[in-house]
Amino acid sequence: MAVVIHHNPDCGTSRNVLEMIRAAGEEPVVIEYLQTGWTRPQLLALFAGAGLTPREALRVSKSPAEELGLTDPSVDDETILAAMLEHPVLVNRPIVVTVKGIRLCRPSETVLEILPAPLADAFVKEDGEIVPAAGGAS
């Protein structure tokens with residue numbers, strides 16, 4: 001099974017996750033979800049696999065979530081899901097799928113939990129933060 005990343009190239013966290021996947025020796029299938037959009041079955045499967053509700057996967061910052069009234073606690077998951085289908089940016093990212101599971105990779109190091117192979121060498125994020133290799137080597 002290939003590694004799949006639902007990716008936004010304008011997001012630093014998403015770019016870091018993509019490069020961590022590559023640093024672990026995988027060339028993932030990259031889905032730029034802002035261009036392709038989502039389907040209802042796709043989102044339901046991703047959320048179920050990651051153990052998330054639509055509300056937990058809702059991107060609030062730098063999205064229209066608040067202006068659409070989606071941050072109100074009385075808004076149900078079905079309404080949030082419908083809005084995500086109409087506005088793909090409402091889904092927090094990146095979401096990564098591997099044979100080991102599905103994760104919303106925020107923070108970016110979350111991807112390490114599901115990579116088929118560990119990082120062999122330390123990884124340096126865009127901001128200079130160092131993510132140690134497996135076993136803590138840097």
Side-chain angles (χ1 to χ4, degrees):
M1 173 183 172
V3 174
V4 177
I5 179 172
H6 297 273
H7 176 61
N8 177 352
D10 293 329
C11 170
T13 299
S14 198
R15 289 191 305 269
N16 280 322
V17 169
L18 176 58
E19 292 310 315
M20 274 192 254
I21 293 167
R22 289 176 171 152
E26 297 287 332
E27 185 52 46
V29 173
V30 178
I31 299 172
E32 291 190 23
Y33 67 91
L34 292 178
Q35 294 178 7
T36 63
W38 302 103
T39 67
R40 180 181 171 78
Q42 179 186 38
L43 283 181
L44 289 174
L46 289 170
F47 295 164
L52 297 170
T53 65
R55 180 170 300 283
E56 291 168 333
L58 179 65
R59 180 170 176 80
V60 177
S61 68
K62 299 178 186 171
S63 87
E66 192 160 338
E67 62 196 59
L68 292 170
L70 300 174
T71 58
D72 185 314
S74 68
V75 175
D76 64 13
D77 281 347
E78 192 56 44
T79 302
I80 293 171
L81 187 63
M84 289 171 162
L85 296 173
E86 188 174 339
H87 306 279
V89 72
L90 290 170
V91 178
N92 216 339
R93 77 298 178 137
I95 297 175
V96 177
V97 181
T98 76
V99 68
K100 291 180 143 188
I102 301 171
R103 296 286 186 283
L104 170 59
C105 295
R106 296 189 82 78
S108 54
E109 292 84 352
T110 305
V111 75
L112 300 176
E113 298 171 6
I114 60 168
L115 286 178
L119 289 175
D121 297 308
F123 178 83
V124 181
K125 292 183 180 183
E126 289 180 1
D127 66 0
E129 181 183 345
I130 297 173
V131 178
S138 54

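In terms of heavy-atom proximity, Glu56 sits nearest to Gly51 at OE1-O, 3.7 Å. Residue Leu85 comes nearest to Thr39 through the heavy atom pair CD2-C, 3.5 Å, listed as atom of the first residue, atom of the second, then distance. Counting all heavy atoms, side chain and backbone alike, Pro64 lies closest to Val89 at CD-CG1, 3.6 Å. Contact detail for Pro88 and Glu86: the closest heavy-atom pair is CD-O, 3.6 Å. Of all non-hydrogen atoms in Ala133 and Ala122, the two that sit nearest each other are CB-N, 3.6 Å. Minimum interatomic distance between Leu119 and Pro132 (heavy atoms only, all atoms of both residues): CD1-O, 4.1 Å.
Atom-to-atom distance recorded for Leu115:CG and Ile21:CD1 is 6.0 Å, nearest 0.5 angstrom. Between Asp121 atom CG and Ile130 atom CD1 the span is 12.0 Å, to the nearest 0.5 Å. Between atom CD1 of residue Ile102 and atom CZ of residue Phe47 there is a gap of 11.0 Å, rounded to the nearest 0.5 Å.
For the pair Pro54 and Leu43, the minimum side-chain heavy-atom distance is 4.5 Å or more. Pro94 places a side-chain heavy atom less than 4.5 Å from the side chain of Thr13. By the 4.5 Å heavy-atom criterion applied to side chains, Phe123 and Asn16 are counted as neighbours. Within the 4.5 Å cutoff, the side chain of Met84 has heavy atoms near those of the Leu58 side chain. Using a 4.5 Å heavy-atom threshold, the side chains of Val124 and Glu129 count as separate. Contact of the Ile5 side chain with the Val17 side chain is registered, since non-hydrogen atoms from C-beta on lie closer than 4.5 Å.
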Between Trp38 and His6, does a side chain to side chain contact (heavy atoms under 4.5 Å, CB included) hold up when you go through it step by step?
CA-CA 10 Å; Trp38 302 103; His6 297 273; 3.5 Å; yes

Between Thr79 and Asp76, is a side-chain hydrogen bond (donor to acceptor under 3.5 Å, both in side chains) present by the stated rule, with each step listed?
CA-CA 6 Å; Thr79 302; Asp76 64 13; 2.6 Å; yes

Taking it one step at a time, do Arg103 and Val96 satisfy side chain to side chain contact (heavy atoms under 4.5 Å, CB included)?
CA-CA 6 Å; Arg103 296 286 186 283; Val96 177; 5.6 Å; no

When you look at Val30 and Val4, which way does the side chain to side chain contact (heavy atoms under 4.5 Å, CB included) test go after all the steps?
CA-CA 6 Å; Val30 178; Val4 177; over 6 Å; no

Starting from the C-alpha separation in whole Å, work towards a yes-or-no answer on salt bridge (charged side-chain N to carboxylate O under 4.0 Å, His left out) for Lys100 and Glu113.
CA-CA 8 Å; Lys100 291 180 143 188; Glu113 298 171 6; over 6 Å; no

Evaluation steps, side chain to side chain contact (heavy atoms under 4.5 Å, CB included), between Met20 and Leu112:
CA-CA 8 Å; Met20 274 192 254; Leu112 300 176; 4.2 Å; yes

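Ionic pairing of Glu109 and Lys125 is present here: one or more N-O contacts between side-chain nitrogen and carboxylate oxygen are shorter than 4.0 angstrom.
One N or O on the side chain of Arg59 and one on the backbone of Ser61 form a donor-acceptor pair closer than 3.5 Å. In terms of modelled atom types and a separation under 3.5 Å, the side chain of Arg22 and the main chain of Glu27 share no donor-acceptor contact. Not one N or O on the side chain of Asn8 forms a donor-acceptor pair closer than 3.5 Å with the backbone of Tyr33. Side chain of Thr98 to backbone of Ile114: a donor-acceptor contact under 3.5 angstrom is found.
For the side chain to side chain contact (heavy atoms under 4.5 Å, CB included) with Leu104, the qualifying choice from Asn92, Thr110, Leu46, Val91 is Asn92, the only one to do so. For the side chain to side chain donor-acceptor pair (under 3.5 Å) criterion with Ser14, the lone passing option out of His7, Glu19, Arg106 is His7.
Heavy-atom neighbours of Glu66 CD from other residues, nucleotides or ligands within 6.0 Å: at or below the threshold of 12.
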